[in-house]
Colleague: 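Shown below is the structure under consideration.
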There are 2 protein chains.
Amino acid sequence: MTNGANLNRARSQKSQVSILEIAQAAGVSPATVSRVFNRPALVREETRERVLAIVAEHGFRPNRLGSSLRSGNTRTLGLVLPTLSNPVFADCFEGAEARAAESGYSIMTTVTHYDPGLEAAAVHRLIDHRLEGLILTVANPNNSPILKTLKKRGMPYVLAYNESSSHPCAAVDNRRAAADMVTHLARLGHRQIAFLSGPLALSDRARSRLAGARQQGRALGLPPVSHLVTPSHTQPDRAALRRLMAASNRPSALFCSNDMLATAVIGELKALGLCVPADMSVAGFDGIRYGAYMSPSLASVEAQGYEIGRTACSLLLVQIDNGVSRSGQVPYRLIDGGSAAAKRS
Amino acid sequence: MTNGANLNRARSQKSQVSILEIAQAAGVSPATVSRVFNRPALVREETRERVLAIVAEHGFRPNRLGSSLRSGNTRTLGLVLPTLSNPVFADCFEGAEARAAESGYSIMTTVTHYDPGLEAAAVHRLIDHRLEGLILTVANPNNSPILKTLKKRGMPYVLAYNESSSHPCAAVDNRRAAADMVTHLARLGHRQIAFLSGPLALSDRARSRLAGARQQGRALGLPPVSHLVTPSHTQPDRAALRRLMAASNRPSALFCSNDMLATAVIGELKALGLCVPADMSVAGFDGIRYGAYMSPSLASVEAQGYEIGRTACSLLLVQIDNGVSRSGQVPYRLIDGGSAAAKRS
DNA sequence: TTGAAAGCGCTAACAT
DNA sequence: ATGTTAGCGCTTTCAA
């Protein structure tokens with residue numbers, strides 16, 4: 001450990017070219033070198049070129065730490081997501097990162113695995129790096145200690161996927177989207193529809209989608225949409241699923257709160273010897289690309305993660321720049337996949 | 001913009017509790033407060049508690065920028081991957097992040113979309129943040145300007161997925177794994193095997209896998225394994241695929257360099273009216289979880305991304321600590337999926 | 001066990 | 001158009 005520290009010091013001494021050495025070599029003041037990087041227009045072209053020549057010669061790059069400490073901006077954003085294993089969040093990362101890079105920002109990412117305890121620790125680890133803002137998906141925006149902390153610290157943030165009227169966010173209209181899916185299932189002749197999800201306390205998206213599904217069920221005069229809670233957000237509870245299938249008023253369509261769950265449900269149903277969609281229609285939510293390659297292809301609601309990430313990042317950058325915090329709604333689209341088909345008697 | 005800058009200043013003034021204010025409030029020197037955070041054992045318990053009380057009262061967290069600038073360590077690692085849309089890389093992120101968090105490190109991630117031009121720019125954006133080390137997947141480690149830069153700067157790094165004898169890396173043995181898949185296909189009765197991939201120049205994994213496949217083909221006395229190059233690493237070239245299928249010595253098995261490509265190939269074959277595996281066996285590489293849910297399930301080689309990420313991060317942390325750079329091999333496992341079945345005549 | 005003082009690399013006022 | 005100076009928040013000798 002001591003040894004390691006020594007090595008580190010040795011290493012960093014090598015790269016001890018600071019703005020000062022560049023200034024001396026170019027025969028100018030450090031301030032001028034700084035200007036060359038930050039306000040090149042203020043420097044006479046000749047001087048600028050002389051400085052840049054020296055800079056190139058040394059392979060010099062200004063140390064952001066010094067700059068950040070002095071000027072207060074780190075050009076770094078934080079991204080806090082439940083997981084990247086779910087492609088919809090991976091896409092969100094890509095959208096956010098692409099937008100951030102366009103404005104010269106880098107992104108520090110962390111995942112919470114839907115664990116509110118981890119959420120807090122992870123966010124603190126990020127905040128300590130003095131990020132300029134945060135994009136995050138929380139369990140529940142109405143009761144999130146983290147959001148309170150951020151507000152108190154005056155740290156700009158935008159929610160992604162979470163919908164909220166009291167916080168800036170980038171999301172799809174989950175209620176309406178879920179309602180549309182129910183309408184779709186009803187058109188296919190389904191009346192007994194069950195909604196499957198993980199614990200609602202850990203995902204307000206699941207809650208909104210369930211609410212939208214139930215509301216639309218009522219509006220269409222269907223029997224109440226039942227709700228099956230599985231411990232995990234991505235894996236169905238085998239026993240519960242079996243009970244559901246054995247019930248007398250067994251549903252003819254399962255609407256799953258996300259595509260990973262829907263995919264796993266289809267797998268389980270097959271394992272139970274049932275055929276999708278002949279014995280049971282299944283629909284998901286998110287529109288992950290793999291859904292299209294499955295057979296039958298997955299019926300779902302496409303909520304483009306890339307656009308959510310990109311929008312959230314744009315909103316965040318505006319907020320950092322102006323202090324104006326707005327929300328944005330991202331469009332969705334029903335995917336008419338083969339996993340949800342006309343009901344057979 | 002000016003307005004925005006003012007707002008920013010107003011915001012940051014609020015959080016102007018520095019170690020100095022804490023020191024004054026606790027009646028100690030700033031050095032002591034610093035010790036409470038970094039070497040608590042050196043501080044008398046009573047003093048420590050007094051300081052911690054004040055710290056808690058103010059919700060104070062030390063500014064890492066100051067600390068990093070002074071001490072030289074940012075507790076931040078960089079991660080450079082081709083894309084996170086491919087679940088195998090998303091898993092890699094999760095493995096690396098989990099390991100990093102265990103040691104108090106945060107991760108800055110960027111994606112290159114297999115574009116060597118982007119690669120360089122992205123890495124420079126990261127380096128400027130004075131990361132302590134980098135985990136990266138490059139197009140070709142033997143001829144990568146970035147790796148040269150890193151070496152020159154003395155920045156610790158570990159390759160993920162890339163195999164190399166001259167750079168530290170965490171990867172599976174791609175040649176052997178591909179050879180094993182060819183053996184598997186041969187056992188199923190296939191003799192004419194084609195290998196599909198994107199441009200080899202952009203992925204040394206594809207190159208190693210092709211080499212392993214060809215070598216094993218020869219060893220088993222099969223006809224030469226042909227190679228079909230598609231412009232994208234994840235999407236097959238429809239026309240080329242059609243030509244391949246129409247050829248007189250048409251292969252009976254397609255070995256794709258990764259699962260995303262394999263998935264898309266299966267989709268295309270279906271679109272051509274062909275049945276997998278009856279008309280054509282298809283195998284992939286990576287072992288993404290969705291493969292198990294497809295029907296037929298995807299034959300593949302599982303190379304756990306999570307483990308690759310985790311291993312790479314462990315190796316990197318050792319390197320940062322000791323200066324000792326080692327490589328690690330991650331095990332793989334053949335997945336006997338239904339998409340590759342016994343050859344029918 | 002604690003404090004005083006210097007300075008990490010940079011930029012922003014202010015001065016010229 | 002450029003230089004001078006001070007200091008961002010912290011840690012690290014060195015001294016007491």
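Residue numbers begin at 1 in each chain, while the letters A, B, ... track the order of the sequences. FYI, side chains are in, hydrogens and waters are out, and symmetry mates aren't considered; it's all heavy atoms of this structure. Keep in mind the model is a prediction, meaning the values are calculated, not measured.
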Colleague: Would you mind reading off the distance between A/N73 atom CG and C/dC10 atom C1', rounded to a whole angstrom?
Modeller: 12 Å
Colleague: Between C/dG3, C/dT11, C/dC10, which nucleotide has the shortest distance from any of its atoms to the side chain of B/S29?
Modeller: C/dG3
Colleague: Both B/R50 and B/G66 contact DNA chain C. Which one's nearest nucleotide lies toward the 5' end?
Modeller: B/R50
Colleague: Rounded to whole angstrom units, what separation is found between the CD atom of A/E21 and the P atom of C/dC8?
Modeller: 10 Å
Colleague: Does a side chain donor of either A/E132 or A/T76 reach within less than 3.5 Å of an acceptor in the other side chain?
Modeller: no
Colleague: Starting the side chain at C-beta, find the nucleotide from C/dC10, D/dT2, D/dC10 nearest to A/V43.
Modeller: D/dT2
Colleague: Select base, sugar-phosphate, or nothing to describe what B/R35 touches, counting heavy atoms under 4.0 Å on all strands.
Modeller: base
Colleague: Using 30° and 60° as the class limits, which term best fits the ring planes of B/F60 and B/F37: parallel, tilted or perpendicular?
Modeller: tilted
Colleague: Between atom CD1 in A/I19 and atom P in D/dG7, what is the gap in whole Å?
Modeller: 19 Å
Colleague: Rounded to the Å, how far apart are A/E46 CD and D/dA1 P?
Modeller: 13 Å
Colleague: From the list C/dC10, D/dT12, C/dT2, which nucleotide is the closest neighbour of the side chain of B/R44?
Modeller: C/dT2
Colleague: Whole-Å distance between D/dT11 P and B/F37 CZ?
Modeller: 9 Å
Colleague: Whether the side chain of B/R130 and the base of C/dG9 hold a donor-acceptor pair under 3.5 Å is what I'd like checked.
Modeller: no
Colleague: Please give, in whole Å, the distance from C/dC14 P to A/L42 CG?
Modeller: 16 Å
Colleague: When you measure from the side chain of A/S327 to the backbone of A/C169, do you find a donor-acceptor pair of N or O atoms at a distance under 3.5 Å?
Modeller: yes
Colleague: How would you label the contact of B/V33 with the nucleic acid (heavy atoms, under 4.0 Å): base, sugar-phosphate, or nothing?
Modeller: nothing
Colleague: Can you say whether the rings of A/Y114 and A/F89 are parallel (under 30°), tilted (30 to 60°) or perpendicular (over 60°)?
Modeller: perpendicular
Colleague: In whole angstroms, how far is the P atom of D/dT2 from the CZ atom of A/R39?
Modeller: 15 Å
Colleague: How is A/T47 classified with respect to the nucleic acid when contacts are heavy atoms under 4.0 Å: base, sugar-phosphate, or nothing?
Modeller: sugar-phosphate
Colleague: Please figure out whether A/A31 or B/S34 has its closest DNA chain D nucleotide nearer the 5' end.
Modeller: A/A31
Colleague: To the nearest Å, give me how far apart CD1 (A/I22) and C1' (C/dT11) are.
Modeller: 16 Å
Colleague: May I ask you to evaluate whether A/N38 reaches the phosphate of C/dT11, defined as a side-chain N or O under 4.0 Å from OP1 or OP2?
Modeller: yes
Colleague: Under 4.0 angstrom, heavy atoms only, what part of the nucleic acid is A/L69 near: base, sugar-phosphate, or nothing?
Modeller: base
Colleague: Would A/I135 and A/C313 count as a side chain to side chain contact (heavy atoms under 4.5 Å, CB included) if you check the C-alpha gap in whole Å, the side-chain angles of each, and the deciding distance to 0.1 Å?
Modeller: CA-CA 7 Å; A/I135 297 168; A/C313 192; 3.9 Å; yes
Colleague: Relative to the 5' end of DNA chain C, which residue comes earlier, A/R70 or B/T32, by the nucleotide with the nearest heavy atom?
Modeller: B/T32
